[in-house]
*Asks:* 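Here it is, the structure, as structure tokens.
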Amino acid sequence: MDSRTHAVIVDELPLARTGMAAVLRDLGFELLSETHSGREAAAIAAIDSPALVVVGAATDITSVETARRVMRVRPVPAVIVLVPPAAEQPVGYLLALGIRGVVLRSGPPDDFATAVEAVMKGTQYVAPGLHRSLAGSVQPKAAGADHGLTAREREVLAFLAEGRSNREIAAALSVTLATVKSHLVRIYAKLGATNRNEALGKAVSLGLLG
């Protein structure tokens, strides 16, 4: 078996595990384990080196602690964390840990599939419904710590974190849509990102969003 297609799923609900497993099989993955235990998932990842670990709500430790343990495995697998919609989400913290994907646990299967495809290509993915969890002001940084972003580019980045569309950003800044797109191109280049999800993830990990 090709370890590049191996996956591990952890969630307390058998039905949730079944649904995630169905999506992964459709994408060509072979499941090493479906478990309710975060500790067990991390142990399996350490032994069998899966390509992907999907972390939902475990019965023994928190999803964040599960993710932390899996991220200590070598080689580090791609990790997707599923978070509940109602509680305060540690999305920024998860991205800073190096988690590649964060999606809503109650979200549609297509969103989960999109996240899997993105993270397996090496892209950081945050479900659109969680973008507002990254919202906040762009904090002042010492000289040289802003990665070359101008004040306007950081303003655009803050609007991205609020989940605003390009058209909404243009309206808020009283500029044209083309101007917003130009700002985004420069932001992506300076952060080494290819899309808004990856730009947000890198901005959080670099401490550019507060």
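Because the structure is predicted, anything quoted here is derived from the model rather than measured. Residue numbers count from 1 along this sequence.
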*Asks:* Got a sec, which residues hit salt bridge (charged side-chain N to carboxylate O under 4.0 Å, His left out) with E65, two or more places apart in sequence or on another chain?
*Replies:*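 Salt bridge (charged side-chain N to carboxylate O under 4.0 Å, His left out) list for E65, sorted by chain: R68, R69.
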*Asks:* Would you list the pairs meeting side chain to side chain donor-acceptor pair (under 3.5 Å) in which at least one residue belongs to residues 103-122, sequence neighbours left out?
*Replies:* D11-R105, D111-Y125
*Asks:* Within the supplied structure, the quantity of interest is the number of heavy atoms (other residues, nucleotides, ligands) at a distance under 6.0 Å from R167 CZ; does it exceed 12?
*Replies:*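 12 or below, so no.
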*Asks:* Only counting residues at least two apart or in another chain, list the ones meeting side-chain hydrogen bond (donor to acceptor under 3.5 Å, both in side chains) with E34.
*Replies:*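 Not a single residue meets the side-chain hydrogen bond (donor to acceptor under 3.5 Å, both in side chains) criterion with E34.
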*Asks:* Apply the test side-chain hydrogen bond (donor to acceptor under 3.5 Å, both in side chains) to residues E40 and T35: give CA-CA distance (whole Å), side-chain angles for both, the deciding distance (0.1 Å), then the verdict.
*Replies:* CA-CA 7 Å; E40 182 179 349; T35 177; 3.0 Å; yes
*Asks:* V55 pairs by side chain to side chain contact (heavy atoms under 4.5 Å, CB included) with which of V8, I9, V10, V83?
*Replies:*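 It is V10, the one option of V8, I9, V10, V83 that forms the side chain to side chain contact (heavy atoms under 4.5 Å, CB included) with V55.
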*Asks:* Which value, rounded to the nearest 0.5 Å, describes the distance between L24 atom CG and H6 atom NE2?
*Replies:*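 Reported to 0.5 Å precision, the distance equals 12.5 Å.
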*Asks:* Give a yes or no on whether the backbone of H36 and the side-chain of T59 come within a donor-acceptor separation of less than 3.5 Å.
*Replies:* yes
*Asks:* To the nearest 0.5 angstrom, please state how far the CD atom of Q124 sits from the CG atom of N195.
*Replies:* 10.0 Å
*Asks:* To the nearest 0.5 Å, how far apart are CZ in R152 and OG in S182?
*Replies:* 12.5 Å
*Asks:* Which atom pair, heavy atoms only, marks the closest approach of G56 to S63?
*Replies:*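 Shortest heavy-atom contact: O-CB, 3.3 Å.
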*Asks:* So which pairs with a foot in residues 172-187 pass salt bridge (Lys or Arg N to Asp or Glu O under 4.0 Å), sequence neighbours left out?
*Replies:*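 Every salt bridge (Lys or Arg N to Asp or Glu O under 4.0 Å) pair that includes a residue of residues 172-187, provided the two are not neighbours, is E153-R186.
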*Asks:* With a 4.5 Å limit on heavy-atom distance, are the side chains of I80 and V102 in contact?
*Replies:* no
*Asks:* Please identify which of these residues, L52, T66, V70, meets the side chain to side chain contact (heavy atoms under 4.5 Å, CB included) condition with V79.
*Replies:*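 When side chain to side chain contact (heavy atoms under 4.5 Å, CB included) is applied between V79 and each of L52, T66, V70, only V70 qualifies.
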*Asks:* Does D60 have any salt bridge (charged side-chain N to carboxylate O under 4.0 Å, His left out) partners at least two apart in sequence or in another chain, and if so, which?
*Replies:* R39
*Asks:* From R154 CZ over to L160 CG, what is the distance, rounded to the nearest 0.5 angstrom?
*Replies:*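 Spacing of CZ (R154) from CG (L160) equals 13.5 Å.
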*Asks:* Under the rule for side-chain hydrogen bond (donor to acceptor under 3.5 Å, both in side chains), what residues qualify as partners of T176, not counting sequence neighbours?
*Replies:*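 Testing T176 for side-chain hydrogen bond (donor to acceptor under 3.5 Å, both in side chains), a comparison that skips the adjacent residues, returns T179.
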